[in-house]
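Presented below is the structure to which this report refers.
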2 protein chains.
Amino acid sequence: MKRSISDRIEQYIKVLISRSDAQQIEIQRAELAETFSCVPSQVTYVLSTRFNGKDGYITESRRGGKGFVRITRISSSSPDCTRLQNDLEEMIAHMLEEQHLQESEAQLINYLLSALSEDLDEEQRHLVLSRMVKAIARYNSLHSK
Amino acid sequence: MKRSISDRIEQYIKVLISRSDAQQIEIQRAELAETFSCVPSQVTYVLSTRFNGKDGYITESRRGGKGFVRITRISSSSPDCTRLQNDLEEMIAHMLEEQHLQESEAQLINYLLSALSEDLDEEQRHLVLSRMVKAIARYNSLHSK
DNA sequence: ATCTAAAGGTCAATAATAGTCAAAGGGGTA
DNA sequence: TACCCCTTTGACTATTATTGACCTTTAGAT
């Protein structure tokens with residue numbers, strides 16, 4: 001039930017990326033703003049809040065004539081489990097620092113993670129790991145108030 | 001048998017959830033308060049007293065324009081998995097009693113469980129659940145002296 | 001080389017939501 | 001009645017979205 005303009009722009013971009021070959025698209029900021037009847041800076045807002053490194057995207061741009069914004073999905077697309085594992089470790093370390101997690105909870109997560117992903121093939125392991133990344137991220141946002 | 005406003009809000013939300021197909025609804029706090037002619041913070045009160053983790057729900061929210069409160073019932077499931085689910089619940093209850101688990105850890109497990117097994121087909125769900133059962137069992141034995 | 005038009009970026013103000021917390025209210029029950 | 005626990009309120013706070021004025025960069029024309 002995502003209804004704000006920012007939400008709809010986010011969805012639109014994600015659909016475009018999922019339809020792309022290289023997990024990458026190029027848009028024109030002003031044109032996209034026109035499509036959604038908003039000011040151009042709102043597109044910038046969406047990019048910075050939903051397509052930043054933390055969310056698994058990188059954005060590059062060029063100003064002036066023939067300018068563009070290129071958005072590339074990096075994290076959750078390649079079946080590279082090591083990367084997900086690193087993401088998780090970073091997230092847990094960060095949550096510990098911020099005291100959103102107790103030491104015992106971090107240990108529990110690590111324990112569950114290894115127990116759940118043990119003996120899985122690459123594809124299944126990737127599934128479990130990426131779900132775990134999302135779940136932990138969400139859990140964190142639930143607890144960081 | 002007089003029902004308070006909080007009771008009526010509770011019932012209202014539960015009806016909405018039972019009518020939903022994903023055990024999940026999104027409301028606007030101010031709108032719901034308007035419906036029941038109460039202040040918005042009373043909705044927050046109802047959520048925290050009747051829709052918390054201990055009651056089998058998680059609530060998430062977003063402030064700002066087009067904000068919302070999402071309430072999800074975490075119980076579910078299909079018959080085959082029910083047994084595993086029950087096992088898990090019992091184990092967790094037991095570990096809580098024995099103080100091998102803190103309340104916050106139990107909630108973390110429930111959260112991860114629902115996030116990890118969401119949208120899986122029967123077979124995969126069974127796999128995740130049974131691994132979780134094994135993992136928790138092992139975790140328990142590690143933590144009981 | 002300079003100028004100009006056409007992009008995109010920054011930042012702060014304003015609006016729209018939801019959360020927090022403590023005080024006040026109300027209904028049972030010893 | 002006195003007391004307790006749950007409910008109800010509202011002032012204050014926090015977060016997120018939307019808008020617009022002003023700034024910077026780039027390609028192409030002169």
Side-chain angles (χ1 to χ4, degrees), chain A residues 1-14 16 24-55 57-72 95 98-100 137-145, chain B residues 1-14 16 24-55 57-72 107:
Chain A
M1 209 176 286
K2 300 196 154 185
R3 280 275 150 256
S4 71
I5 293 179
S6 291
D7 288 334
R8 289 191 286 116
I9 293 172
E10 176 190 359
Q11 284 309 120
Y12 182 78
I13 292 173
K14 285 184 172 168
L16 289 187
Q24 173 176 299
I25 61 167
E26 280 180 16
I27 59 168
Q28 296 222 286
R29 190 180 76 146
E31 189 183 299
L32 188 53
E34 176 67 25
T35 301
F36 286 92
S37 304
C38 65
V39 294
S41 58
Q42 182 153 10
V43 174
T44 305
Y45 171 75
V46 172
L47 294 177
S48 66
T49 56
R50 294 142 152 93
F51 294 91
N52 51 36
K54 188 168 154 295
D55 298 318
Y57 295 87
I58 51 179
T59 64
E60 304 160 278
S61 65
R62 197 172 64 193
R63 307 186 189 189
K66 301 289 193 296
F68 61 84
V69 176
R70 178 162 48 228
I71 309 161
T72 309
M95 287 169 73
E98 300 290 316
Q99 300 189 305
H100 298 155
R138 221 162 141 207
Y139 186 84
N140 183 35
S141 66
L142 276 177
H143 286 70
S144 54
K145 30 188 163 178
Chain B
M1 189 61 158
K2 176 161 180 250
R3 294 163 81 225
S4 66
I5 293 179
S6 290
D7 288 337
R8 289 193 288 119
I9 294 173
E10 176 189 359
Q11 285 312 306
Y12 181 77
I13 291 173
K14 285 183 171 168
L16 290 187
Q24 179 177 90
I25 61 166
E26 280 179 16
I27 59 168
Q28 295 217 291
R29 189 180 77 145
E31 190 183 298
L32 188 53
E34 176 69 24
T35 301
F36 286 90
S37 304
C38 64
V39 295
S41 58
Q42 182 153 10
V43 174
T44 305
Y45 171 74
V46 172
L47 294 177
S48 65
T49 56
R50 295 145 154 94
F51 294 92
N52 51 37
K54 198 165 156 297
D55 298 320
Y57 295 87
I58 52 179
T59 63
E60 299 162 278
S61 65
R62 200 174 64 189
R63 307 184 190 190
K66 298 290 193 299
F68 59 83
V69 177
R70 178 164 48 228
I71 309 161
T72 308
Q107 285 182 30

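Any value given below was found using the heavy atoms of this structure, including those in side chains, with hydrogens, waters and symmetry copies removed. Every chain is numbered from 1, with letters handed out A, B, ... down the list of sequences.
Taking 4.0 angstrom as the limit, A/S6 places a side-chain polar atom (N or O) nearer than this to OP1 or OP2 of D/dT18.
Here the P atom of nucleotide C/dA12 and the OH atom of A/Y45 are 16 Å apart, to the nearest Å. The CZ atom of B/R3 sits 19 Å away from the P atom of D/dC6 (whole-angstrom rounding). Between the P atom of C/dT14 and the CZ atom of B/R63 lies a distance of 21 Å, rounded to the nearest Å. Nucleotide C/dC11 holds its C1' atom 15 Å from the CD atom of A/Q42, rounded to whole Å. Protein atom NZ of B/K66 is 7 Å distant from nucleotide atom P of D/dT18, rounded to whole Å. We find that CZ of B/F51 is positioned 16 Å from P of C/dA18, with the value rounded to whole Å. The nearest whole Å value for the distance from the CZ atom in B/R62 to the P atom in C/dA15 is 20 Å. Going from atom CZ of B/F68 over to atom C1' of C/dA16 covers 14 Å, rounded to whole Å.
With values rounded to the nearest 0.5 angstrom, B/T59 atom OG1 is found 10.0 Å from B/F51 atom CZ. Atoms CG and OH, on B/L47 and B/Y57 in that order, are 11.0 Å from each other to the nearest 0.5 Å. A/L32 contributes atom CG, which lies 5.5 Å from atom CD1 of A/I9 (distance to the nearest 0.5 angstrom). Interatomic distance, B/S61 OG to B/Q28 CD, rounded to the nearest 0.5 Å: 11.5 Å.
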List the steps, then state whether side-chain contact (heavy atoms from CB on, under 4.5 Å) holds for B/K66 with A/S6. CA-CA 10 Å; B/K66 298 290 193 299; A/S6 291; over 6 Å; no
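At a threshold of 4.0 Å, the pair A/D55-A/K14 does not count as salt-bridged, since none of the basic side-chain nitrogens sits closer than that to a carboxylate oxygen.
Candidate nucleotides C/dA18, D/dT18, C/dG9 were compared by shortest atom distance to the side chain of A/S4, and D/dT18 ranks first.
Here A/S41 lies in heavy-atom contact (under 4.0 Å) with a base. Using a 4.0 Å heavy-atom cutoff across all strands shown, B/G65 reaches at least one base atom of the nucleic acid.
No donor-acceptor pair closer than 3.5 Å links the side chain of A/S41 to the backbone N or O of A/T44.
A heavy atom closer than 4.0 Å to some atom of DNA chain D occurs in no member of residues 28-35 of chain A.
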